Q: 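So that we are looking at the same thing, I have put the structure below in structure tokens.
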Amino acid sequence: MAGDRRDIPPIEDLGVRLLRGGGCLRVKARGGSMLPFLWDGDVALVTPAVGRDVEVGDVICYEAPPGKLCLHRLIARHRERLVTKGDAL
């Protein structure tokens, strides 16, 4: 049925599509995993980057699980694998 709300993709999926297409996205932080750097409700500007453009210590936005966006700090690199962790203790 045309106009059925079930046909509208989740907002996270739209954000993933936008970033994959080279666009920028403002993301509202949710939760406390990045305290005190990011507080629940803070807005972060996310710009697309390839793995080689990010360095240990950067805060990155990634998909985990597919279709869900996550903001965490890059703490290690192992070849093509990036290891992230929230700042909160």
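For reference, positions follow the sequence shown, starting with 1. Note that the coordinates shown come from a computational prediction; the quantities given were computed from them, not determined experimentally.
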Q: Run the side-chain donor-acceptor check on residues 76-83: report pairs under 3.5 Å with partners two or more places apart or on a different chain.
A:
from  : atom 1 : to    : atom 2 : distance (Å)
Arg77 : NH1    : Gly51 : O      : 2.8
Arg77 : NH1    : Val54 : O      : 2.6
Arg77 : NH2    : Gly51 : O      : 3.1

Q: Locate the shortest heavy-atom distance separating Asp40 from Gly31; write the atom from each residue and the value.
A: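 The pair with the smallest heavy-atom distance is OD1-N, 2.9 Å.
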Q: So which heavy atom on Cys24 is nearest to which on Leu45, and how close?
A: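 Looks like CB-CD1, 4.2 Å.
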Q: Measure the spacing between CZ of Arg30 and NZ of Lys28 and express it to the nearest 0.5 Å.
A: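 So the CZ of Arg30 and the NZ of Lys28 are separated by 5.0 Å.
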Q: If hydrophobic clusters are built by linking Ile, Leu, Val, Met, Phe, Trp and Tyr wherever their side-chain heavy atoms come under 4.5 Å apart, do Leu38 and Leu35 end up in the same one?
A: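 Different hydrophobic clusters.
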Q: May I have the list of side-chain donor-acceptor pairs in residues 59-73 shorter than 3.5 Å, sequence neighbours left out?
A:
from  : atom 1 : to    : atom 2 : distance (Å)
Tyr62 : OH     : His72 : ND1    : 3.0
Tyr62 : OH     : Thr84 : OG1    : 3.0
Glu63 : OE1    : Arg20 : NH2    : 2.4
Glu63 : OE2    : Gly67 : N      : 2.7
His72 : NE2    : Ser33 : OG     : 3.0
Arg73 : NE     : Asp87 : OD1    : 2.9
Arg73 : NE     : Asp87 : OD2    : 3.3
Arg73 : NH1    : Gly57 : O      : 2.6
Arg73 : NH2    : Asp87 : OD2    : 2.8

Q: Side-chain contact test, heavy atoms from C-beta onward, threshold under 4.5 Å: evaluate it for Val43 versus Val27 and give yes or no.
A: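 With C-beta onward as the side chain, the pair stays apart.
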Q: At their closest point, which heavy atom of Lys85 faces which heavy atom of Met34, and how far apart are they?
A: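 Of all heavy-atom pairs spanning Lys85 and Met34, the closest is O-SD, 4.2 Å.
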